[in-house]
Novice: 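Sharing a structure with you now.
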Amino acid sequence: MAQQRLGIIMHGVTGRMGMNQHLIRSICAIRAQGGVTLSTGDKVMPDPILIGRNAEKIEALAKAHGIARWGTDLDLALENRDDTIFFDAGTTQMRPQLLAKAIRAGKHVYCEKPIATNLNEAVEIARLAQGSGLKHGAVQDKLFLPGLRKLDMLRRAGFFGRMLSVRLEFGYWVFEGDLQPIQRPSWNYRKEDGGGMILDMMCHWRYVLDNLFGEVKSVSCLGTTHIPRRWDEAGQPYEATADDAAYATCELTGHNGEPVIAQINMSWVTRVRRDDLVTFHVDGTDGSAVAGLSSCRAQSRVATPRPVWNPDEKQTMNFFDQWQEIPDSQVYDNGFKIQWEHFIRHVVENAPYKWTLPEGAKGVQLVEAALESWQDRRWIDVPELNI
């Protein structure tokens with residue numbers, strides 16, 4: 001069994017997602033397990049170089065996790081022919097330019113979502129990647145969550161019969177910063193810095209809806225800024241200019257050609273009283289299921305109870321007890337790590353890979369449609385995206 005090195009330029013990994021999910025729980029975890037196993041049995045060992053603007057911070061991060069290489073000069077890093085992958089988890093505004101620079105330097109590219117702040121830039125970078133002959137990918141981590149994988153297993157088994165609707169509930173209370181410390185970066189609430197619930201989350205919902213429930217055909221969306229004043233990392237007040245919640249309905253064409261309705265509530269100003277921080281409730285003619293990040297519970301047609309509406313008496317049914325837990329059929333690894341392993345195999349041995357930059361552009365397309373719907377207060381069609 002042979003082992004080969006794979007040089008990866010990792011940019012923007014001092015941020016929360018880049019550091020925790022991509023560096024620590026993906027690349028460092030892959031290194032700790034001895035690399036990625038190829039179809040031949042050979043191993044691929046990632047050899048990352050961390051690139052960032054703050055030399056002190058990037059050096060400390062590298063040393064803390066046993067990474068030998070780090071630097072602040074991205075152009076110099078891109079000149080190194082021994083590093084063949086460029087990864088970006090930096091700011092969304094800079095992402096298309098950074099990806100283009102890496103592609104022109106001959107690097108395969110992989111990045112966080114959204115791949116751009118607007119559809120024109122998203123399509124442009126996706127076309128550049130497609131025409132380059134290089135490998136490319138965008139993060140679609142939620143497809144690899146244990147709860148959604150169980151939900152997808154039910155779908156593939158025909159459990160739902162004809163799927164009717166999906167109800168997606170996402171969010172939690174993000175502290176304003178005056179009484180309790182903030183738990184999300186302040187830029188998330190400034191539109192000028194690339195913040196906003198719709199830009200952040202509709203990219204995710206596009207690939208989840210398309211892959212699990214049906215292709216998005218139209219959207220109606222209302223966004224809002226519920227909390228107009230927040231406090232930043234230094235404790236200074238600022239005006240929140242980005243939407244902190246959005247409420248959308250999407251029309252889908254299901255995998256059997258039948259229509260499916262998706263309702264989406266997403267909010268950073270809601271207090272949680274549900275099974276998880278995100279839940280997906282799917283109803284079908286033959287059964288229903290509710291999935292969170294890890295768990296999934298189902299109720300079949302024949303096991304559906306008969307509740308009685310009587311506002312004069314206290315409800316005696318415990319509706320939560322009437323659902324069957326879908327057991328863990330395997331050990332579920334970190335979703336970001338799983339997709340990293342897929343991308344590495346795609347680069348090294350040309351393994352099939354479908355989570356490409358054009359798929360990332362579809363997410364930005366739904367973002368723009370949702371924003372247009374909010375602005376015009378009307379339904380917006382989502383046509384096929386040709387790249």
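Note that these values count all heavy atoms, side chains included, but never hydrogens, waters or copies made by symmetry. For reference, positions follow the sequence shown, starting with 1.
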Novice: Under the salt bridge (charged side-chain N to carboxylate O under 4.0 Å, His left out) test, which residues partner Arg345, sequence neighbours left out?
Specialist: none
Novice: Please name all residues satisfying salt bridge (charged side-chain N to carboxylate O under 4.0 Å, His left out) with Glu325, sequence neighbours left out, ordered by chain then number.
Specialist: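 Only Arg297 meet the salt bridge (charged side-chain N to carboxylate O under 4.0 Å, His left out) criterion with Glu325.
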Novice: What pairs with Arg25 under side chain to side chain contact (heavy atoms under 4.5 Å, CB included), at least two apart in sequence or on another chain?
Specialist: Asn20, Gln21, Asn334
Novice: Are the aromatic ring centres of Phe343 and Trp355 under 6.0 angstrom apart?
Specialist: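 Between Phe343 and Trp355, the centre distance exceeds or equals 6.0 Å.
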Novice: Of the options Asp141, Ile27, Val139, Asp88, which is the one that meets His22 in a side-chain contact (heavy atoms from CB on, under 4.5 Å)?
Specialist: Val139
Novice: Quick one: which of Ile387, Val123, Ile115 gives a side-chain contact (heavy atoms from CB on, under 4.5 Å) with Leu357?
Specialist: Ile115
Novice: Tell me every residue that passes ring pair (Phe, Tyr, Trp, His ring centres under 6.0 Å) with Trp187, counting only those two or more places apart in sequence or in another chain.
Specialist: none
Novice: With sequence neighbours left out, what residues match Glu233 under side chain to side chain contact (heavy atoms under 4.5 Å, CB included)?
Specialist: Ile182, Pro185, Ser186
Novice: Applying side chain to side chain donor-acceptor pair (under 3.5 Å), can you list everything that pairs with Gln375, at least two apart in sequence or on another chain?
Specialist: none
Novice: Could you note down all residue pairs passing salt bridge (charged side-chain N to carboxylate O under 4.0 Å, His left out) where residues 40-64 supplies at least one of them, sequence neighbours left out?
Specialist: Arg5-Asp47, Asp47-Arg69, Glu59-Lys63
Novice: Partners of Ile103 by side chain to side chain contact (heavy atoms under 4.5 Å, CB included), sequence neighbours excluded?
Specialist: Val109, Ile125, Leu128, Ala129, Ser132, Leu134
Novice: Residues two or more places apart in sequence or in another chain: which of them pass ring pair (Phe, Tyr, Trp, His ring centres under 6.0 Å) with Tyr207?
Specialist: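 For Tyr207, the residues satisfying ring pair (Phe, Tyr, Trp, His ring centres under 6.0 Å) (neighbours in sequence not counted) are His204.
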Novice: Write out all pairs satisfying salt bridge (charged side-chain N to carboxylate O under 4.0 Å, His left out) with one or both partners inside residues 98-107, taking only residues at least two apart or from two chains.
Specialist: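 Salt bridge (charged side-chain N to carboxylate O under 4.0 Å, His left out) check on residues 98-107 returns Asp75-Lys101.
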Novice: With sequence neighbours left out, write down each residue that passes side chain to side chain contact (heavy atoms under 4.5 Å, CB included) with Glu215, or none if nothing qualifies.
Specialist: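 Side chain to side chain contact (heavy atoms under 4.5 Å, CB included) list for Glu215, sorted by chain: Asp210, Lys217.
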Novice: If the condition is salt bridge (charged side-chain N to carboxylate O under 4.0 Å, His left out), which residues does Arg31 pass it with, not counting sequence neighbours?
Specialist: none
